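Single-structure report; data block below.
Given the structure is predicted, the values throughout are model-derived calculations rather than measurements. In the text below, chain A, chain B and the rest are named by the order of the sequence lines, each starting its count at 1.
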2 protein chains.
Amino acid sequence: MSVTGHTSSGGRTESPQGQQKAASIRDVAQAAGVSYQTVSRVINGHPNVKEETRKRVQEAIDTLGFRRNATAFALASGVTRSISVLTSNTVLYGYAATLQGLEEASRAAGYALGVRVLTPEDDLDRAVAAAADTAGGIVVIGFDQLGAEALSRVPANVPCAAVVEAPPRGHKPDRPAVWADDREAARAATEHLLALGHKTVHYVAIPASTGTRRSAGPRAEGWRQALKTAGVTPPAPSGKGWDAQAGYEAGKKLARNPDVTAILCGNDDLALGVLRVLHHAGRRVPEDVSVIGFDDAPHSEFVTPSLTTVRMDFQGLGRAAFGLLRAQIDTDLPASAPAPADPALVLRESSGVREA
Amino acid sequence: MSVTGHTSSGGRTESPQGQQKAASIRDVAQAAGVSYQTVSRVINGHPNVKEETRKRVQEAIDTLGFRRNATAFALASGVTRSISVLTSNTVLYGYAATLQGLEEASRAAGYALGVRVLTPEDDLDRAVAAAADTAGGIVVIGFDQLGAEALSRVPANVPCAAVVEAPPRGHKPDRPAVWADDREAARAATEHLLALGHKTVHYVAIPASTGTRRSAGPRAEGWRQALKTAGVTPPAPSGKGWDAQAGYEAGKKLARNPDVTAILCGNDDLALGVLRVLHHAGRRVPEDVSVIGFDDAPHSEFVTPSLTTVRMDFQGLGRAAFGLLRAQIDTDLPASAPAPADPALVLRESSGVREA
DNA sequence: GCCCACGTTGTGACCGCTCACAATCCTCGC
DNA sequence: GCGAGGATTGTGAGCGGTCACAACGTGGGC
């Protein structure tokens, strides 16, 4: 198999004169025989402009192909109509879907959207600052430690919203934020497994946004709480990452243990890895072991066995976060923040009655 | 299952005075007892500044927490150090991974990155224009018709690069672009299936970036060519979308036909759907039918049966596209465009020798 | 017939920074 | 001891828009 990986430099028709720079407001003014201020009025739809004048200016705008310079507008008016998203990932389903919601909402509102990925090597203050002075506001995706940390570094005077893990009971984040009730969802999923006859439920954790303990985070809490309520001592959670490989690794030990009949996973990728290792270990799903994931990634419905999981409205969270941010920027707006859908347990093939 | 979906408005400590606006270059100048131009020299690392002066200015910068206003800089210098990505999707693996490569490269180069999703309802010219005057250059992800169309609308005077499907043999795109040799990869995959003893190979297509025919696009071409070379008449391709659901739909007919023993899919999501429908039809993979996907999405290794697929270096394509764009903006740069890795067939469980 | 209010338009200053150029200061060589 | 020339610094103008305000009409009310 070969590759061309070819590169072609486009045939620019770059005349020696270079491309004439874009028409400015003053060019238009001259062409229309008015002052630049009048042009400004026209492009901003100011009421007090004589209809005939407006028409003349509009024609000049059209023939010159004038477009208002966004940079100059931003400088002069102080309005930026753009937001910047800070996230540690853009590919994992939860992040990607949240980003999608954010993009959709911002586009609908006429805002440009910037993306800045955070890495462990980053100087977070610098990253936040860079985002802040590029855009009119910041949205932080704080599902993980990196995001949460970045969020805490956002200067108080920059408009900011976040989508985060559900905060500990009774706590409220110090910045506007949206979240779904993962805790309750995890509890419901766990209770479902218990109701299916499983004596206990094991948990393969996603990294928590706060601290490094596997037992931290709302999903783990919900799971633990359900077990406790049922009078079961929660087994130690496992897991050390977000992807299927991490699920595979964490699942090795569980797969070997015949007492393990039910596994809740912090996300669907993890669950996929668990499913895989169970398959390798010769344990059938759901006959021998039930597996439940989290997030309802697009492919979860199509793997075999199809994955029972908790559907999360990440797009909705993204949209809501944008609403929260916009409310700070366009104070005096209808502040419409459509509520995200509730998490919902989706029953599929990977979970079933305990047979033993 | 309930949801809190809670919203908390952060406790802004907004004194009646409001936050004093950020320090400007002149504030710093005054504090340091120099002219604003000297401050400008310091922040731009201009050589001819007396060491002692530089130090004094730097101190003023630090104590005032000065940060150069990006908007003003852009306006005055005409340099934007930001790029904008136009894409019809951000979640599908190929797109998301390309975007990831783009983000990574732009961040490394100190460029901010904007994302603008294209929809069928969009006024493409408007969308392109908006992207163009927000950023210093545009990268178009042209895997599909929407992207390809947008690319063709980019005005000649705006710096632009694209990552596209491999263009027809002998053709070169009229804009700088990168692509992988999907055609060759598809051919290799098809030949592999043929070599496994399959009499023919069916194809479930992804939408082509040009035209609407399922038989268009490099992947389809490579597949068809391999069959023809082997003296086999290519069966009609199926497929009408990008996702697993589309694969499932397209696979229904194939699953019913006992003569179908090998299926090549335009991407891994499609393949997942095909796998699923084959499972429902009681046909074993790879014993009864071999399936090969395209792209090597992260989960393809972990589904059961694991998916034989063609690994694509989308991140590399993204990085290369950024390099191409940057070369137009920072003319006079080392123009380092690291070549993307070649597509590579990854053999896994879903393909095997024909047993019949 | 006059004044005032309002609709319409133009002027100046400024957003925060850069550029080009002029002005000043030193230092060196003879 | 003096002029040349480079190092260092300051000034003016401008990027392409916006804002505030002044300057025009023009019509209606008295």
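Between Lys21(A) and dG16(D) there is a side-chain polar atom (N or O) within less than 4.0 angstrom of OP1 or OP2. Phosphate proximity of dG10(C) to Ser35(A): present, with a side-chain N or O under 4.0 Å from OP1 or OP2. Distances shorter than 4.0 Å separate none of the side-chain N or O atoms of Ser40(A) from OP1 or OP2 on dG17(D). Contact annotation: Thr38(B) side-chain N/O to dT9(D) OP1/OP2 distance is not under 4.0 Å.
Between Ser77(A) and Arg54(A), it is Arg54(A) whose nearest contact on DNA chain C lies nearer the 5' terminus. With the nearest nucleotide of DNA chain C identified for both Arg41(B) and Leu75(B), Leu75(B) has the one nearer the 5' end.
Using a cut-off of 4.0 Å between Lys/Arg side-chain N and Asp/Glu carboxylate O, Asp27(A) and Lys21(A) are scored as not salt-bridged. With respect to the salt-bridge test (charged N to carboxylate O, under 4.0 angstrom), the residues Asp123(A) and Arg153(A) do not qualify. In summary, Glu51(B) and Lys55(B) do not engage in a salt bridge, as defined by a charged side-chain N under 4.0 Å from a carboxylate O.
Using a 4.0 Å heavy-atom cutoff across all strands shown, Arg68(A) reaches sugar-phosphate atoms only and no base atom. If you check every strand for non-hydrogen atoms under 4.0 Å, Arg67(A) touches sugar and phosphate atoms only. Using a 4.0 Å heavy-atom cutoff across all strands shown, Asn48(B) reaches at least one base atom of the nucleic acid. Residue-level contact check: Thr53(B) touches the backbone only, with heavy atoms under 4.0 Å from sugar-phosphate atoms and none from bases.
Distance CG (Asp27(B)) to C1' (dG16(C)): 10 Å, rounded to an integer number of Å. Distance, Gln30(A) CD to dT9(C) C1': 17 Å, rounded to whole Å. For Gln37(A) and dG16(D), the CD to P distance is 17 Å, given to the nearest whole Å. Separating the CZ atom of Arg81(A) from the C1' atom of dG17(D) is a distance of 17 Å, rounded to the nearest angstrom. Taking atom OH on Tyr36(A) and atom C1' on dC15(D), their separation rounds to 14 Å, with Å as the unit.
In Gln30(B), the CD atom is not crowded: 12 or fewer heavy atoms of neighbouring residues, nucleotides or ligands sit closer than 6.0 Å.
Under the 6.0 Å cut-off for aromatic ring centres, Phe314(B) and Tyr95(B) do not qualify, their centroids lying 6.0 Å or more apart.
The listed nucleotides are dC17(C), dT8(D), dT18(C); the one nearest the side chain of Lys50(B) is dT8(D).
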